[in-house]
Amino acid sequence: MAAATGSLQVELVAADRLVWSGEAKMVIARTTEGDLGVLPGHTPLLSLLVDGVVDVTTTDGETWVAAVDAGFISVADNRVSILSERAEMSHEIDLEKARHDLERAKAAGEETDGALDAVRRLEARVRAAERVS
């Protein structure tokens, strides 16, 4: 399905499923280089995503928010592909459970790379869920 003029065709894909697909007028994602905003006509790019939040503003003016793990974002010909090991739409996240999991991970206090990665992923889940609560 081709995006309408002045819009983006967006696909947010996790390893196990298509999380969201549709037409958008803007996508914001966090890459290793910082926050990236994509509008129709954006220059082609391929970049690494970091654990964080992706915002999609649809052509209808709705905002969809997702928590994503590290992955890739590809932009070409008004098509945006976001590929991540795990991704959850904000409405799928239990905010209280996410907060509890984050506090438990922080209290564990381990400063290994794996523990820090887990804290970043949990922080992204909480931020995504808070944006819609």
Side-chain angles (χ1 to χ4, degrees):
M1 164 195 235
T5 303
S7 67
L8 302 163
Q9 182 62 37
V10 179
E11 286 191 341
L12 172 57
V13 181
D16 61 344
R17 67 188 175 117
L18 174 63
V19 178
W20 191 88
S21 178
E23 288 189 19
K25 58 184 177 182
M26 181 174 60
V27 175
I28 299 172
R30 179 156 293 172
T31 71
T32 55
E33 301 297 317
D35 287 344
L36 170 70
V38 179
L39 297 170
H42 195 285
T43 303
L45 71 83
L46 177 63
S47 188
L48 294 172
L49 287 175
V50 297
D51 298 332
V53 176
V54 172
D55 287 284
V56 178
T57 303
T58 69
T59 53
D60 295 332
E62 295 180 313
T63 299
W64 291 90
V65 179
V68 299
D69 288 358
F72 299 92
I73 183 169
S74 170
V75 180
D77 299 323
N78 287 333
R79 296 185 66 82
V80 179
S81 298
I82 300 166
L83 311 170
S84 176
E85 181 67 27
R86 285 183 298 238
E88 288 179 278
M89 297 305 295
S90 57
H91 65 271
E92 298 172 333
I93 299 169
D94 178 332
L95 179 56
E96 290 309 312
K97 181 179 182 322
R99 285 179 176 155
H100 175 74
D101 292 347
L102 175 58
E103 290 307 314
R104 193 175 60 214
K106 286 180 175 180
E110 295 179 42
E111 294 199 16
T112 63
D113 285 343
L116 293 175
D117 287 344
V119 167
R120 280 193 293 271
R121 280 192 299 275
L122 291 166
E123 286 173 339
R125 291 183 79 229
V126 168
R127 281 194 314 273
E130 286 177 340
R131 289 197 185 167
V132 295
S133 64

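In what follows, every heavy atom counts, from backbone to side chain, and hydrogens, waters and symmetry copies are set aside. Keep in mind that this is a model prediction, so the values were computed, not measured.
- Evaluated for a side-chain contact (heavy atoms from CB on, under 4.5 Å) with V68, the options V53, L83, L12, I73 yield exactly one hit, L12.
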Check: Stepwise, does the side chain to side chain contact (heavy atoms under 4.5 Å, CB included) test hold for M26 with L8?
Finding: CA-CA 7 Å; M26 181 174 60; L8 302 163; 5.6 Å; no
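- Within the 3.5 Å criterion, the main-chain N or O of G61 finds no donor-acceptor partner in the side chain of T57.
- Taken together through direct or relayed side-chain contacts under 4.5 Å among Ile, Leu, Val, Met, Phe, Trp and Tyr, V75 and V10 form part of one hydrophobic cluster.
- A donor-acceptor pair is defined here as one N or O able to donate and one able to accept, closer than 3.5 Å; such a pair exists between the side chain of D94 and the backbone of E96.
- Taking the charged nitrogens against the carboxylate oxygens, E130 and R99 do have a contact shorter than 4.0 Å, which makes a salt bridge.
- With hydrogens and angles disregarded, a donor-acceptor distance shorter than 3.5 Å links the side chain of S84 to the backbone of D69.
- With a 4.5 Å cut-off on side-chain heavy atoms, Q9 and S21 count as touching.
- Taking the six-membered ring where the residue is Trp, H91 and W64 present perpendicular rings, their angle passing 60° and hence far from 30°.
- Checking E11, E88, E92 one by one against R17, the salt bridge (charged side-chain N to carboxylate O under 4.0 Å, His left out) holds for a single residue, E92.
- The two residues D51 and A70 have their closest heavy-atom pair at OD1-N, 2.7 Å.
- Closest non-hydrogen pair, A124 versus A67, comes out as O-CB, 3.8 Å.
- Taking the side chain to side chain contact (heavy atoms under 4.5 Å, CB included) definition, one finds that E123 meets it with L102, K106, V119, R120, R127, sequence neighbours left out.
- In this structure, the side chains of V19 and V13 stay at 4.5 Å or more apart for every pair of heavy atoms.
- The side-chain heavy atoms of R131 and S90, taken from C-beta on, include no pair separated by under 4.5 Å.
- The two residues G41 and N78 have their closest heavy-atom pair at N-OD1, 2.6 Å.
- Residue L36 is grouped with residue W20 when hydrophobic side chains (ILVMFWY) are merged at heavy-atom distances under 4.5 angstrom, including chains of intermediate members.
- Side-chain heavy atoms closer than 4.5 Å link hydrophobic residues (I, L, V, M, F, W, Y) into clusters, and following such links, possibly through other members, connects V126 to L122.
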Margin query: Applying side chain to side chain contact (heavy atoms under 4.5 Å, CB included) to S7 and E23, what does each step give before you reach the verdict?
Written below: CA-CA 6 Å; S7 67; E23 288 189 19; 3.4 Å; yes
Item checked: Chi angles and distances behind the side chain to side chain contact (heavy atoms under 4.5 Å, CB included) call for V38, K25 -> CA-CA 8 Å; V38 179; K25 58 184 177 182; over 6 Å; no
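- When every heavy atom of A128 is checked against every heavy atom of I93, the shortest pair comes out as CB-CD1, 4.2 Å.
- Checked against F72 for a side-chain contact (heavy atoms from CB on, under 4.5 Å), the options I82, L48, L49 give a single hit: L48.
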Next item on the list: May I have the step-by-step check of side chain to side chain contact (heavy atoms under 4.5 Å, CB included) for V27 and V54, ending in yes or no?
Entry: CA-CA 7 Å; V27 175; V54 172; 4.2 Å; yes
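- Of all heavy-atom pairs spanning H42 and L45, the tightest one is CE1-CD2, 3.2 Å.
- Every residue two or more places apart in sequence or in another chain that forms a side-chain hydrogen bond (donor to acceptor under 3.5 Å, both in side chains) with D35 is listed here: R30.
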